Amino acid sequence: MTATTARPLIGQGFDRVDGRAKVTGAAQYTAEVPLPGLAHAVIVGARIGSGTVLSIDSGPALAAGAVAVYTHENLPKVAAIPSQWPSGFGGPAPGQTFFPLQDTTIHYYGQPIAVVVADTFECAQHAAELVTADYDAQQPLIRLEDGRDAQYQPKTVFCGLVPAVQSRGDFEAAARTAVHTVDATYHFAANHHNPIECSATAASWDGDTVTVYDATQGVSATQATVAAYLGISPANVRVVAHYVGGGFGAKALIWPHVTLAPMVARELGRPVKVVLTREQMFYGTGLREEQEQRVTLTCDGEGTFTGLRHHKLSVTSPFDDWAEVSLGVAGQAYAIPSWDGQYRLIRGSLMSPTFTRGPGEASGMLAMECAVDELAADIGMDPMALRLHNHATIDPASGHPWSSDGYAECVRTAAERFGWSSETGRGALRADGHWLLGWGMATAGYPVYEPGQPQRAHARLLADGALIVQAGTQDFGTGVATAMAQVAGDALGVEFDRIRIDIGDTDYPNIAAAVGSMGAGMISAAVHTACTDLRGQLIALAVGDPQSPLHGRIPPEIEARGGRLRVRFNPAVGETYSALLARHHLTDLETIGTWHPPTGDLPFGRISFGAQFAEVAVDPELGLVRVRRMVGAFAPGRVLNAKLARSQVLGGMNWGLSQALLEATLPDARTGAWANPSLLEYLLPVNADAPEVDISFVEVNDAIVNPLGVKGLGELGMIGAAAAIVNAIAHATGKRIREFPVRIEHLL
């Protein structure tokens, strides 16, 4: 696509700048990085879910060609366990009070007990299979049902950031006076991430400094975490991640294999690479925990919500009070005066859960939106009308106005495109031959998170008018470099094809880990700040230069367009950047821009809203469900790139389909293992499952969240999609399913 100076770059659907490299194979992922003298390391995982290692026999592995085998007996101890996330969001597994290979305790199946190193990957893999261990095995606890009697109430969840008990108003009073009440319990299977690229880390030492190549969602987070574990300065750790093949939360936190690579490389005295297998991805990069949510929703005779009790029970690790924050948007999207939210936990034999595709809200809003639909049926009110009637026009948690809203417009836009009429509702039951057809809808919403520290970017304008922008972020499939070029081009008035974006390296200014839909907002803010600072330098240079046509002008009169400065209301008066720099004998002009995020106590509620609609067909004899079409409208603030935004939401809506109908990791209660740790048995949607998808954006102006009003979109497309499908199934069949994913057995 060719850019023009007649319209802003932001918002246009530019093709990805890294697209050619990816489709031609030129893109180099972490597992493909060539390092001289590279050794390959393979992790050996525990074959029990709980207990103690009594002994490890590595002799056969060494005899088979391994150059070294590291266990708790010969691997050095880590210098420290980081107590909090470094670099804002992203870091070690949250709350983790152990690092593997430090002692003999086994907390979960697949926990690393040895690292086998060889000259080739094939030899390392074969030798790893020869390592054996004797255990004192204990009965693991991996299923929620088995630990129900041992549940407890923590003080906080989500790494200490969220109180486990939250409330407003008087729910018990609301329940006593309610005209209508829905009290439903929903069960969610555990889920795993499964990006196409399995996690990988390589490390190479040069004296006291180490370069780490990591498939990560936060190069700065990897840098800070590795430095803490190894007991060295972050200045001695460089992290590189030029291309990352998907993250979905699996690569947001820094799991043990990331630190094991530089640890082993330092011991061995040569570069080392660790690549997890697909099965190890189920044991090495966190998960969405198995959980149960009880929702009690009350209303008066007019359908006005009066109270919400939302309690969650979930399985966490032995060493961490983790629960994904499922109660947030569910307790804020509607104007409910009385709310009782609680988290309870069960310590299980599994690794720490973590961020997973739409963390928190994907499960919380599925439960909440199914309850809203059940209440609509009890009242005899159209589900869309009920939601619009109860939408919160201010944040009920704080009483503050939203920084921006757009929800009602999203509902009406999506409903019109779907065919759901505000006058007649969704209509009566219908059929297509032997298929029963059903329509469902749900609210989408995701919090606008802010990084806890300043975000920076470097901008450098060359004498020929080309622009180089550098930032310590990474691309894991979102197209961040493309969007950065658009932001930079608009801020400095440079053509899109004259901009080079450098990312994926901690040698560039720091950016926090891209999690929780923060990426676009914080990165665009840093790039915008850097480029507007640079524009200010150019204007100051021109107005103070007697030889410039802009000499003596006041800065507000001057704008940047097409690689030149010009008078805003007389575009013919101006000069190119090249001419200005050449006259001052400058080969370049540069700056580092720093964006300071707004503080958490701003008097505004911050949520991105949307609406989801789905049509399903159900075969009543076979219990088959086919999603025929989905329609979504979303208000994510300013859209940086229309094509990338649509792609993000398209993926998210299909994630929702997967959550509703397919994804479940099944536990083996005997061993503590997962029974289906492969893409053969862990079900995900394929092209044949994908329905027709219609996506619209409602742009809302948000002057609060960041300079460009970007609220975030990555997670939003998933929220509400599963609920719309489940509600459509209930409409088609008259049967309410409260266990997810919905299976054939539920419908027969």
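Atom set for the values below is all heavy atoms of this structure, side chains included, hydrogens, waters and symmetry mates excluded. Worth saying up front: this structure is predicted, and the values here are computed from it rather than measured.
- In summary, the side chains of Thr285 and Ser199 do not present any donor paired with an acceptor at a separation below 3.5 Å, with no hydrogens or angles considered.
- Aromatic pair Tyr109/Tyr283: centroids less than 6.0 angstrom apart.
- The six-membered or imidazole ring of Tyr682 lies near that of Phe282, with a centre-to-centre distance under 6.0 Å.
- Using a 4.0 Å cut-off between charged nitrogen and carboxylate oxygen, Asp321 and Arg347 count as a salt-bridge pair.
- When Glu289, Gln342, Gln293 are each tested for a side chain to side chain donor-acceptor pair (under 3.5 Å) with Lys312, only one passes: Glu289.
- Although no hydrogens or angles enter the test, the distance criterion places no donor-acceptor pair under 3.5 Å between the side chain of Gln151 and the main chain of Arg344.
- One distance of note links CG of Leu661 with NE2 of His746; it measures 11.5 Å at 0.5 Å rounding.
- No donor-acceptor distance shorter than 3.5 angstrom exists from the side chain of Gln291 to the backbone of Ser314, with no hydrogens or angles considered.
- For the residue pair Glu324/Ser363, the side-chain donor-acceptor check at 3.5 Å is satisfied.
- His311 and Asp340 share a side-chain donor-acceptor pair at under 3.5 Å.
- The heavy-atom pair separating Glu292 from Leu144 by the smallest distance is N-CD1, 3.9 Å.
- A distance below 6.0 Å separates the ring centres of Trp322 and Phe355.
- The aromatic ring centroids of Phe319 and His107 lie less than 6.0 Å from each other.
- The environment of CD in Gln153 is crowded: more than 12 heavy-atom neighbours from other residues, nucleotides or ligands sit within 6.0 Å.
- Residue pairs satisfying the salt bridge (charged side-chain N to carboxylate O under 4.0 Å, His left out) criterion with at least one member in residues 654-664, sequence neighbours excluded, are listed as follows: Arg357-Glu663.
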